[in-house]
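Comments concern the structure below.
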Number of protein chains: 2
Amino acid sequence: MSGGVEWALHCCVVLTSVTEPVPAARLAQLHAVSPSYLAKQLQALSRAGLVRSVQGNAGGYVLTRSPELITVLDVVEAVDGPGPAFSCTEIRQRGPMAAPPQSCTVPCAISRAMAGAEATWRDALRSVSVADLARDVESDYGSGTLAGISAWLGTGGR
Amino acid sequence: MSGGVEWALHCCVVLTSVTEPVPAARLAQLHAVSPSYLAKQLQALSRAGLVRSVQGNAGGYVLTRSPELITVLDVVEAVDGPGPAFSCTEIRQRGPMAAPPQSCTVPCAISRAMAGAEATWRDALRSVSVADLARDVESDYGSGTLAGISAWLGTGGR
DNA sequence: GACAACTCGGACATCTGTTGTCCGAAACAG
DNA sequence: CTGTTTCGGACAACAGATGTCCGAGTTGTC
């Protein structure tokens, strides 16, 4: 699992509380991470259509839709790629005791088990929205936390 | 996700049907994969205590316990490592707006969401045993499939 | 009891994917 | 129109996975 997923999720939560575009460099400052690498993750979010990038003098990133409509799975797939983590090599069709192709109309039992597990994983991530995360943050660190971060981002909290 | 997991699972299913030790080289022949690399995966299974290795002239690998008691999760953790795929970097405690340590007694919301999803994934893998996989194989390719493979392994099916 | 053959086990290269960095293209504000 | 600020994709460095090899140990045989 790519470590950039964590950064992207934190950025999405932060972007919940702002209405003005926020540059990638500012987000990197806030989290004390590499600005160049964070930019790459934000590009992935932009490509996936989760955030909208505006260029120019007062540019930056903004969420494209309501945080309620952005799931954690969306972010994970945008950054880590949509493909399943487990890929079946179909080794049942190889070797001296290979299964005949006409018997391989459905995925093999091992592939089914792994795919089923990944499906539950995806369902769990799909059931949590970025808005839920933001709500939990407020609950964990006190109401007004995100408002404070938003203020820091807007003003020159350098 | 390591691709060797697939190999290890296939080997465990095959080992279901044998009582004599099977060398790694023979298993590699059966699946038409690299013998040296498969040996590494089997070593991991041995280290985890899922299979027992016997050396010497008629040596090889055997399951240490009934296939009913070996879950898919056991194999995945043995080969891929037990650690969670997502590791929280605690970036909430970094940067100018860092959360105070006394507020960080519990994992952050993002970490909780990811951990919960992984927990469901693990539960799904834990609910499937190697015996279940063997049963599915018999159901998919006809009863007696594993017996045929066992015979090929035992006799010099070269 | 000694020998020989066969097996596993860990140490050694190679290679793809992630991590990290940089500069050019585009766009907004003045 | 120009300068500044921003994103976007192309370019290296590193790590883990992939693949390979030979030595230590054990078993069966003579």
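These numbers come from a predicted model, not from an experiment. Just so it is clear: chains get the letters A, B, ... in the order the sequence lines come, proteins before strands, and each one is counted from 1.
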Within-4.5 Å side-chain heavy-atom neighbours: B:Leu30 and B:Ile149
yes
At under 4.0 Å, does any side-chain N or O of B:Ser46 touch on OP1 or OP2 of C:dG9?
yes
Check: B:Leu50 and B:Arg65 side chains under 4.5 Å, non-hydrogen atoms
yes
Tell me what B:Ala24 touches on the nucleic acid: a base, only sugar-phosphate, or nothing, going by heavy atoms under 4.0 Å.
sugar-phosphate
Look at the side chain of A:Lys40 and the base of C:dG20, then say whether one donor and one acceptor between them are separated by less than 3.5 Å.
yes
Between P on C:dG20 and CG on A:Leu42, what's the gap in Å once rounded to a whole number?
15 Å
Could you give the side-chain donor-acceptor pairs of residues 93-111 of chain A under 3.5 Å, partners two or more places apart or in another chain?
from: A:Gln93; atom 1: NE2; to: A:Glu90; atom 2: OE1; distance (Å): 3.2
from: A:Arg94; atom 1: NH2; to: B:Ala32; atom 2: O; distance (Å): 2.6

Going through the distances and angles, do B:Glu138 and B:Thr145 end up as a side chain to side chain donor-acceptor pair (under 3.5 Å)?
CA-CA 6 Å; B:Glu138 292 276 304; B:Thr145 303; 4.8 Å; no
Find which nucleotide of DNA chain D each of A:Asn57 and A:Ala39 is nearest to by heavy atoms, and output the residue with the more 5' nucleotide.
A:Asn57
NA contact type, B:Ser36, heavy-atom cut-off 4.0 Å: base, sugar-phosphate, or nothing?
base
How many whole angstroms separate atom CD of A:Gln43 from atom P of C:dT21?
15 Å
Does A:Pro35 or A:Ala58 map to a spot on DNA chain C nearer the 5' end, using the closest nucleotide for each?
A:Pro35
The answer to which of B:Ser53 and A:Val54 contacts DNA chain C further toward the 5' end, by nearest nucleotide, is B:Ser53
Touch check for B:Arg52, heavy atoms < 4.0 angstrom, all strands: base, sugar-phosphate only, or nothing?
nothing
B:Asp80 side chain vs B:Glu77 backbone, donor-acceptor pair below 3.5 Å:
no
Reading DNA chain D in the 5' to 3' direction, which nucleotide is the first one with an atom under 4.0 Å from a heavy atom of chain B, and which is the last?
D:dT18 to D:dG28
Is the shortest distance from a Lys or Arg side-chain nitrogen in A:Arg112 or B:Asp140 to a carboxylate oxygen in the other one below 4.0 Å?
yes
Calculate the interatomic distance between B:Ile91 atom CD1 and C:dT19 atom P; express it in whole Å.
13 Å
Let me know the distance between CD of B:Gln55 and C1' of C:dA4, rounded to the nearest Å.
16 Å
Min side-chain heavy-atom separation B:Leu9-B:Val5 under 4.5 Å
yes
For A:Ser34 and C:dT19, is the shortest distance between a side-chain N/O and OP1 or OP2 below 4.0 Å?
no
